[in-house]
Amino acid sequence: MRWSQAFIPTLRDDPAGAEAVSHRLLVRAGFIRQLAAGHYSMLPLGQRTRLKIENIIREEMNRIGGQEVVLPTLHPAEIWKRSGRYELMGDNLFKMVDRKGVEHVMGMTEEELFAIVASELTSYRQLPQIWYQIHTKYRDEPRPKAGLLRVREFTMKDSYTLDIDEAGLDVGFEKHRQAYLAIFRRLGLDVTPVDASSGGMGGSESVEFMVRSDAGEDWVVTCPNCDYSANLEKAVSRVADVDDGERAPSPERLATPGIRTIAALAEAHPDVASPERQLKTLVYVVDGELTLAVVRGDHDLQEQKLLDATGAAEARPAQPEEVKEALGALPGSLGAVGVSGIPIYVDEALRGRYNMVTGANEDDWHLTGVDPERDFGEFTWADLRAVAAGEPCIACGSPLEMWKGIEVGHIFKLGTKYSIAFDAYVLDEEGESHPIVMGSYGIGVERNMAAVVETHHDERGIVWPVSVAPYEVVVTVLRADEEAAAAAGEDLYRRFIEAGVEVLLDDRLERPGVKFADAELIGIPWRVTVGPRGIEAGTVEVTERATMETREVPLDEVVATVAAAVEAAR
RNA sequence: CGGGACGUGGCGCAGUUUGGUAGCGCGCAGCGUUCGGGACGCUGAGGUCGUGGGUUCAAAUCCCGCCGUCCCGACCA
């Protein structure tokens with residue numbers, strides 16, 4: 001491609017309001033333009049990179065036996081009602097009504113459709129199957145943000161494994177884990193696989209692939225010493241024992257006028273109410289039902305864990321009025337002692353504890369000597385608390401680290417929820433009918449593109465890995481108006497094409513500084529600079545974008561040299 | 001949805017407090033000089049000031065509604 005004919009609208013200034021590095025650079029470098037919040041146009045460079053990412057994914061999916069399909073993105077709402085996700089996904093689903101008054105939804109992932117297609121399978125002999133597609137997904141995100149990192153319309157590779165049993169699913173899951181690691185390696189992304197909650201999708205084992213970045217939206221907990229790693233939504237750690245002293249025979253009332261916080265109570269009664277000896281009682285509305293979540297005074301609730309424990313789709317803190325009505329007191333004096341008719345979930349870290357302090361459900365009063373096991377009515381133990389950085393690793397005891405990550409991929413075991421809902425059954429060797437066991441695996445293409453930029457840039461612009469660069473080489477012709485330089489540039493351009501290298505010829509009549517700055521901004525891995533000076537000496541300069549190291553190379557060797565370097569890095 | 005900010009030529013912004021001629025930089029077009037790190041001179045094009053209503057002799061500026069965008073919190077590839 002000749003730059004003079006290409007549409008590469010680079011900008012000198014950062015776009016207003018773009019915070020994330022990838023957002024700023026992709027817009028400035030002319031890869032993307034925003035249409036509306038969460039909807040972006042892919043300009044020529046952006047589309048080239050997007051296709052490269054797609055093709056890497058495609059190759060690795062094919063390598064594990066994946067078969068590519070394309071299913072509709074616009075679905076009868078009926079299907080989503082049948083799986084139950086019409087309700088579950090709520091406002092995140094884009095919905096519309098056609099001329100006949102029939103409701104439709106835009107696909108946000110397509111377990112339903114794949115199960116429907118899979119219902120045509122009849123025998124275990126046809127299994128396993130791995131099916132995938134790469135196309136657009138729609139999600140009515142409440143808050144699109146950070147350029148391509150969180151949008152409402154995006155390309156996803158979603159794949160599904162179909163197996164006769166759990167053992168088969170394990171194999172398909174493992175194949176995907178390996179394929180994903182290969183994909184991210186080729187994209188130049190350093191990923192950490194972490195244990196995760198499968199959230200609204202339903203399923204058991206769930207692994208997210210995280211790229212460390214401040215632009216990330218997830219907190220990841222990792223152990224520097226062993227291989228423990230988990231999303232904060234799922235992370236656990238060791239909790240040091242607490243000495244609860246002499247066991248009190250029963251709870252006793254303690255007047256606590258004006259005290260509303262853990263800290264204030266601890267200060268007023270340091271002997272009995274240090275934070276680790278208090279019970280923090282949180283009131284949530286979980287899928288419309290008032291629910292108590294009890295954690296240690298100095299621990300924080302992890303809301304996703306509450307969702308996982310209850311199997312609910314959504315949870316929000318209760319309003320003070322709701323709390324007052326249900327428990328008779330306002331936040332600051334709440335407790336689970338004597339509460340009935342309200343589901344109570346108690347954090348595992350409180351197992352075996354006693355002599356604890358909690359609110360009495362009467363403003364200005366607390367209870368001491370509380371033993372949850374003894375003094376609570378019916379309740380459920382659950383892992384509810386959020387791990388904090390520095391706590392001991394559950395596996396090896398080393399202090400845990402916590403960092404922000406971008407979720408670039410997610411694999412999880414679905415089970416039979418969708419195959420049962422859509423009648424996807426096959427017969428086994430014995431002639432017995434079984435629902436197909438499914439796995440579901442996603443990669444967000446544009447999010448990966450953004451993640452690459454987040455981790456591959458410098459103050460000059462993007463530094464694409466060769467594997468996803470829109471062009472592998474840019475031939476920068478200085479003094480393109482001078483015949484010798486222009487001819488040399490044309491000649492190199494032709495020879496690079498012949499060598500199978502993707503080359504951009506910067507034949508624009510711009511000053512050198514502009515050309516260098518643009519080439520660096522858009523991040524082409526190799527620059528071959530053709531200038532009048534070098535032409536006379538029979539040399540050109542080769543600059544590697546990543547290091548910005550430049551060396552002189554004889555004109556007749558440069559194509560072979562650079563082509564070899566490109567080939568090695570593909 | 002809750003909280004905060006913003007909306008003025010293609011891009012980045014000033015002007016709004018105190019109502020009265022719409023301005024700057026970059027970019028863009030033409031001519032000339034320049035040419036190895038975002039050149040310079042001259043000339044020129046380009047704006048319903050997000051939108052609807054209101055106040056006023058007069059609104060980018062004041063008031064009300066709506067729309068949109070960004071940032072911080074609850075969701076996900």
Side-chain angles (χ1 to χ4, degrees), chain A residues 9-20 23 27-28 30 33-39 53 57 88-92 108-109 134 136-159 180 196-201 206 208-211 216-218 231 233 284 303-304 306-307 313-317 319 406-412 440-451 460-461 476-482 485 509-521 527 529-535 540-541 543 548 550:
Chain A
T10 57
L11 302 174
R12 192 178 289 223
D13 298 315
D14 280 335
E19 293 276 314
H23 187 192
V27 172
R28 270 193 62 201
R33 285 293 185 265
Q34 183 181 59
L35 177 69
H39 300 265
I53 294 171
I57 295 171
L88 191 62
M89 293 306 177
D91 291 335
N92 271 10
M108 53 193 302
T109 71
I134 301 176
T136 311
K137 297 286 181 287
Y138 300 87
R139 295 184 184 178
D140 193 351
E141 290 286 341
R143 185 153 98 83
K145 58 181 283 202
L148 296 183
L149 281 174
R150 180 167 212 78
V151 295
R152 306 208 304 168
E153 175 179 351
F154 62 99
T155 312
M156 179 162 91
K157 185 288 298 176
D158 50 323
S159 54
Y180 274 39
S197 162
S198 48
M201 301 300 178
S206 171
E208 291 172 340
F209 295 83
M210 295 293 193
V211 172
E217 303 179 87
D218 286 271
N231 191 307
E233 294 175 352
Y284 270 74
E303 285 191 17
Q304 184 63 44
L306 179 61
L307 289 176
E314 98 187 313
R316 63 165 173 87
Q319 300 295 326
I406 300 168
E407 183 191 346
V408 291
H410 192 174
I411 62 179
F412 56 93
S440 170
Y441 317 85
I443 293 182
V445 176
E446 293 87 355
R447 179 180 281 184
N448 272 267
M449 184 166 154
R460 298 167 187 267
T476 300
V477 181
L478 306 183
R479 297 308 308 265
D481 57 329
E482 285 189 6
L509 299 175
E510 291 287 350
R511 295 172 64 84
V514 172
K515 296 187 168 215
F516 293 150
D518 274 346
E520 285 147 15
L521 176 61
R527 185 178 84 215
T529 308
V530 181
R533 278 199 324 233
I535 297 288
V540 292
E541 282 166 16
T543 305
M548 290 306 289
T550 298

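Sequence lines set the chain letters: A, B, ... in the order given, protein chains first and strands last, and positions in each chain run from 1.
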Would you classify [X] as touching base, sugar-phosphate or nothing, given that sugar-phosphate means primed atoms plus P, OP1 and OP2, and contacts are heavy atoms under 4.0 Å?
X	result
A/Gly531	base
A/Ala37	sugar-phosphate
A/Asn448	nothing
A/Val445	nothing
A/Ala18	nothing
A/Lys515	nothing
A/Asp218	base
A/Ile443	sugar-phosphate
A/Arg152	nothing
A/Glu520	base
A/Arg33	nothing

Under 3.5 Å for both donor-acceptor distances, Watson-Crick or wobble: does [N] have a partner, and if so which one?
N	value
B/A58	none
B/U33	B/A39
B/G52	B/C64

Does the base of [N] carry an N or O that pairs as donor and acceptor with the side chain of [X] under 3.5 Å?
X	N	answer
A/Glu217	B/G73	no
A/Arg139	B/A77	yes
A/Asn92	B/C76	no
A/Arg527	B/G37	yes

- Item | RNA chain B: 5'-proximal contact among A/Ala20 and A/Thr543 (nearest heavy atom) | A/Thr543
- Message: Closest-nucleotide mapping onto RNA chain B: is A/Glu208 or A/Ala146 further toward the 5' terminus? I mean the 5' end.
- Response: A/Ala146
- Which heavy atom in A/Leu149 sits nearest to a heavy atom in A/Ala450, and how many Å separate them? CD2-CB, 3.8 Å
- Message: If I compare all heavy atoms of A/Val477 with all of A/Ala485, which pair ends up nearest, and what's the gap?
- Response: CG1-O, 3.7 Å
Indicate whether OP1 or OP2 belonging to [N] is found under 4.0 Å from a side-chain N or O atom of [X].
X	N	value
A/Lys145	B/C72	yes
A/Gln34	B/C70	yes
A/Arg12	B/G27	yes
A/Arg533	B/G36	no

Of the listed nucleotides [options], the one nearest the side chain of [X]:
X	options	result
A/Glu19	B/C76, B/C71, B/U69	B/C71
A/Asp13	B/C76, B/A74, B/C11	B/C11
A/Pro512	B/C35, B/C72, B/G38	B/C35
A/Ala517	B/G38, B/C72, B/G36	B/G38
A/Glu541	B/G36, B/A74, B/A77	B/G36

- Item | Aro-ring/base stack A/Phe516-B/G38, d under 5.5 Å, angle under 30° | no
- Message: For a 4.5 angstrom cut-off between non-hydrogen side-chain atoms, does A/Val27 reach A/Gln34?
- Response: no
- Item | Interatomic spacing from CD in A/Glu208 to CG in A/Asp218 - rounded to 0.5 Å | 5.5 Å
- Item | SB check A/Glu520 A/Arg527 (cutoff 4.0 Å) | yes
